[in-house]
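The structure appears below as structure tokens.
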Amino acid sequence: MKNIRFIVFAIFSIASIAVPLSIIWKHEDVLNHGTGYRFRTAPVDPYDAFRGKYVALRFADSQATLKSPSEQRHFAGIRIAYVRLGVDPQGFAIPLEISPVPLQGDDVVTVENVNTGDRDAVIGFTYPFDRYYLEESIAPRAEQLYREANGRNDNSHSAYVLVKVKRGVGVLDELYIDGKPIRTLATEDKRRSN
Amino acid sequence: MNPSTFAQHLINELPRLAELHVIDAANAETLRQHYAPQIRPPRSLSIGLTISAILGALLIGSGIILLLAHNWDDLARPVRAIVAMLPLLISITLAGFTLLRRADSTAWREGSGIFYFLSIGAAIALISQTYHLYSDMEKFLLVWMALSLPLIYLLRSGSVFVGFLACLVSYHFVLNEVWRSTPPSHRAWWGIVALLPFFAWHLWKHRESLTTTWISAALAIAVTFMLFAYVGKPDFRPWELPFSMTFALFYVTSCSMFAHQRGWRNPLRAIGCLGIAALSIAFTFRDILSPDDLWENGRFAISLPLAVYWLLTAAAVIAAVGSMYRRHMSFNWIAALFGFIVLMVMFSPNASLLMNAYVTSLGIFTLVQGVKRDSLLSMNEGLILIVALIVGRFFDEDFGFVARGIAFILAGSGFLGMNIWVLSSRRGNDPSRKVPA
């Protein structure tokens with residue numbers, strides 16, 4: 001009885017280790033071998049911008065246009081969809097097409113909260129990589145920098161995230177402000193103030 | 001008397017028996033060698049060790065995470081991910097050792113179990129933060145629960161049982177968040193079903209143990225909270241029915257299974273009685289219970305999941321009451337019928353009036369039962385119920401100050417007079433007896 005219990009425990013322990021390891025492997029694979037896309041961020045509600053240990057992200061280009069309004073019926077009741085990404089002349093990712101069924105290719109990312117909205121041929125959605133986690137002591141300054149960068153009225157798009165995409169999976173690599181990683185900026189700022 | 005206590009008592013008696021020549025020295029030694037292995041540490045020592053083990057495991061786990069957090073940003077991402085696995089690997093090693101070498105020790109099983117449980121959650125959370133993973137609390141809790149459930153049975157751990165319940169209740173609330181326009185979700189109840197064999201086994205084999213006490217409390221509190229998640233949802237009405245039958249079930253289960261336990265050792269009774277009292281008083285107010293709750297557009301409006309839940313709990317109440325009748329056990333049958341009374345009363349336009357009559361009957365019956373059994377607790381329970389009803393009526397109806405003042409004085413005098421009478425009669429029967437509060 002004791003041996004049977006231990007064998008069951010061993011199987012269960014392997015599963016306990018396998019689940020987090022599979023998450024690590026999958027995301028490291030995307031980060032190391034996926035295609036990088038820069039996504040413009042959008043201004044955020046100051047209350048929502050920072051919740052504890054992460055920065056809540058919003059994206060400027062989170063809508064896709066359908067070929068015809070009649071295609072909208074395919075998205076009724078759908079919560080998850082698949083977006084093929086392209087790159088605009090400024091080098092930022094833009095959604096080229098959206099589909100309720102999986103699309104093939106390494107330029108496809110899965111999106112959520114699909115909604116048909118008020119305009120017939122436009123589908124809105126949210127990207128799943130909507131949080132940027134960072135260490136608590138630099139988080140308040142990071143939040144302020146992020147909000148300032150998004151609040152600027154010029155078209156510099158100084159705030160953007162780099163996301164690696166592969167086989168429908170998008171993994172957030174870094175959040176940049178004025179070309180520098182936000183962690184670096186916030187840490188430098190913290191050292192200056194100390 | 002448990003075997004350990006008997007063995008200790010017998011061994012303590014052996015020298016005296018040998019001295020009185022009841023048995024000779026050789027027989028005394030043979031008996032001592034036979035019974036000595038049955039002696040276990042006193043319960044208070046076991047409980048202390050178990051609690052220390054759980055607290056120690058929690059503190060060590062938290063400390064490891066804090067140490068890692070201090071230098072977290074300086075580590076490369078893959079290193080962070082692997083380091084996040086360290087507490088999990090340590091906890092697996094400890095749990096394996098426990099199963100192989102310390103399977104009989106409650107302290108080891110509980111300590112390694114809770115450490116393993118927390119390590120699973122910490123590993124998934126830390127890895128999610130490392131890769132800025134999606135804000136999907138539902139998936140996170142589901143994975144944590146799925147990986148924790150086997151631990152409950154493998155390590156026979158009550159603390160993992162309680163941790164699992166905490167995750168389950170959170171999962172249920174996430175699925176039924178107020179802002180969601182989807183129909184109510186009932187998936188989380190399968191988690192309760194998965195825990196029932198463990199609970200049933202403890203009721204059968206270890207009914208008197210402390211572990212059974214606190215897993216009973218945890219289960220009762222979890223079920224109550226899970227029902228709260230439905231309040232206000234349009235597809236789960238009327239909410240009064242599942243709540244009333246659930247509290248009745250807690251009460252009859254406590255009478256049937258834990259009749260000899262009192263106070264904090266019988267949490268089902270406390271939660272059941274409190275729930276019945278609070279709900280019954282609330283239902284005495286006008287417009288709380290109404291036939292309109294049962295009908296919608298001329299059709300019977302009870303949702304199917306609610307009806308199924310009510311029928312299952314009603315069947316359990318009937319089974320428990322039947323069992324107590326067969327064993328000639330005494331219990332408060334008016335409290336046991338609470339769930340059925342609420343359903344019947346809801347069909348009447350005078351629902352609040354009927355509930356007033358029910359609460360009055362319940363209070364008087366409880367008081368009389370307390371007097372018959374000489375139980376101060378039951379007497380006070382009955383009196384509190386009657387006083388609460390009176391106070392409720394005074395906030396509900398338009399009575400003058402004089403009438404209210406007189407009624408409060410009478411109620412307070414009744415309380416004091418009853419307690420003084422009982423205490424005096426007990427002192428009169430046995431002057432040396434220490435009167436319980």
Side-chain angles (χ1 to χ4, degrees), chain A residues 1-28 30-32 51-57 77 79 110 112 126-138 161 163-164 169-175 181 183-184 186-187, chain B residues 69-74 76-89 91-101 103-104 112 116-117 119-136 139-140 143-144 146-156 182:
Chain A
M1 183 63 186
K2 197 175 176 181
N3 289 337
I4 295 171
R5 198 188 284 267
F6 189 77
I7 289 168
V8 172
F9 171 78
I11 295 169
F12 159 71
S13 298
I14 292 168
S16 298
I17 298 170
V19 166
L21 275 181
S22 69
I23 297 172
I24 294 170
W25 182 88
K26 176 179 164 187
H27 290 86
E28 279 297 319
V30 174
L31 284 168
N32 291 325
R51 284 180 247 169
K53 300 168 198 56
Y54 62 86
V55 179
L57 303 170
R79 203 179 143 249
T110 309
E112 301 172 339
T126 57
Y127 291 106
F129 31 84
D130 60 354
R131 290 184 182 187
Y132 184 85
Y133 288 95
L134 67 176
E135 200 254 318
E136 269 184 339
S137 63
I138 60 172
V161 293
V163 176
K164 296 288 182 73
V169 178
V171 181
L172 203 159
D173 190 3
E174 193 57 76
L175 168 61
R183 272 177 218 273
T184 309
T187 308
Chain B
H70 181 69
N71 295 311
W72 199 243
D73 272 349
D74 298 331
R77 191 181 45 234
V79 175
R80 271 188 260 157
I82 298 299
V83 166
M85 301 278 294
L86 270 181
L88 183 59
L89 294 171
S91 65
I92 288 173
T93 309
L94 278 173
F97 173 78
T98 301
L99 275 178
L100 283 175
R101 294 276 185 265
D104 291 331
S112 60
Y116 197 151
F117 171 77
S119 299
I120 294 171
I124 300 172
L126 286 170
I127 290 167
S128 299
Q129 284 206 2
T130 302
Y131 294 102
H132 310 290
L133 286 185
Y134 315 151
S135 50
D136 195 340
K139 202 186 288 184
F140 168 68
V143 171
W144 194 356
L147 292 176
S148 306
L149 183 61
L151 269 182
I152 298 170
Y153 292 93
L154 284 170
L155 290 171
R156 287 172 284 141
T182 49

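Proteins get letters first, then strands, A, B, ... in listed order; numbering begins at 1 in each. What you see is a predicted model; the values in this text were computed from it and never measured.
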Donor-acceptor pairs under 3.5 Å, side chain of residues 11-19 of chain A to any protein atom, not counting sequence neighbours: which ones?
| from | atom 1 | to | atom 2 | distance (Å) |
| --- | --- | --- | --- | --- |
| A:Ser13 | OG | A:Phe9 | O | 2.8 |
| A:Ser16 | OG | A:Phe12 | O | 3.1 |
| A:Ser16 | OG | B:Tyr116 | OH | 3.1 |

(request) Please answer whether the main-chain N or O of B:Leu154 pairs with a side-chain N or O of A:Arg5 as donor and acceptor at a distance below 3.5 Å. (result) yes
(request) Could you list the residues that satisfy side-chain hydrogen bond (donor to acceptor under 3.5 Å, both in side chains) with B:Asp104, not counting sequence neighbours? (result) none
(message) Contact between A:Val163 and B:His132 at the side-chain level, heavy atoms closer than 4.5 Å - yes or no?
(response) no
(message) Within the structure provided, determine whether A:His27 and B:Arg77 are in side-chain contact (heavy-atom separation under 4.5 Å).
(response) no
(request) Could you point out which residue of A:Leu31, A:Asp173, A:Val30 forms a side-chain contact (heavy atoms from CB on, under 4.5 Å) with B:Tyr131? (result) A:Leu31
(message) Quick check on B:Leu100 against chain A: is it the side chain, the backbone, both or neither that has a heavy atom closer than 4.5 Å?
(response) both
(message) Between B:Ala123, B:Ser148, B:Ala146, B:Gly96, who has the most heavy-atom pairs with chain A when the cutoff is under 4.5 Å?
(response) B:Gly96
(message) Under 4.5 Å from any heavy atom of chain A, what part of B:Ile127 do you find: side chain, backbone, both or neither?
(response) side chain
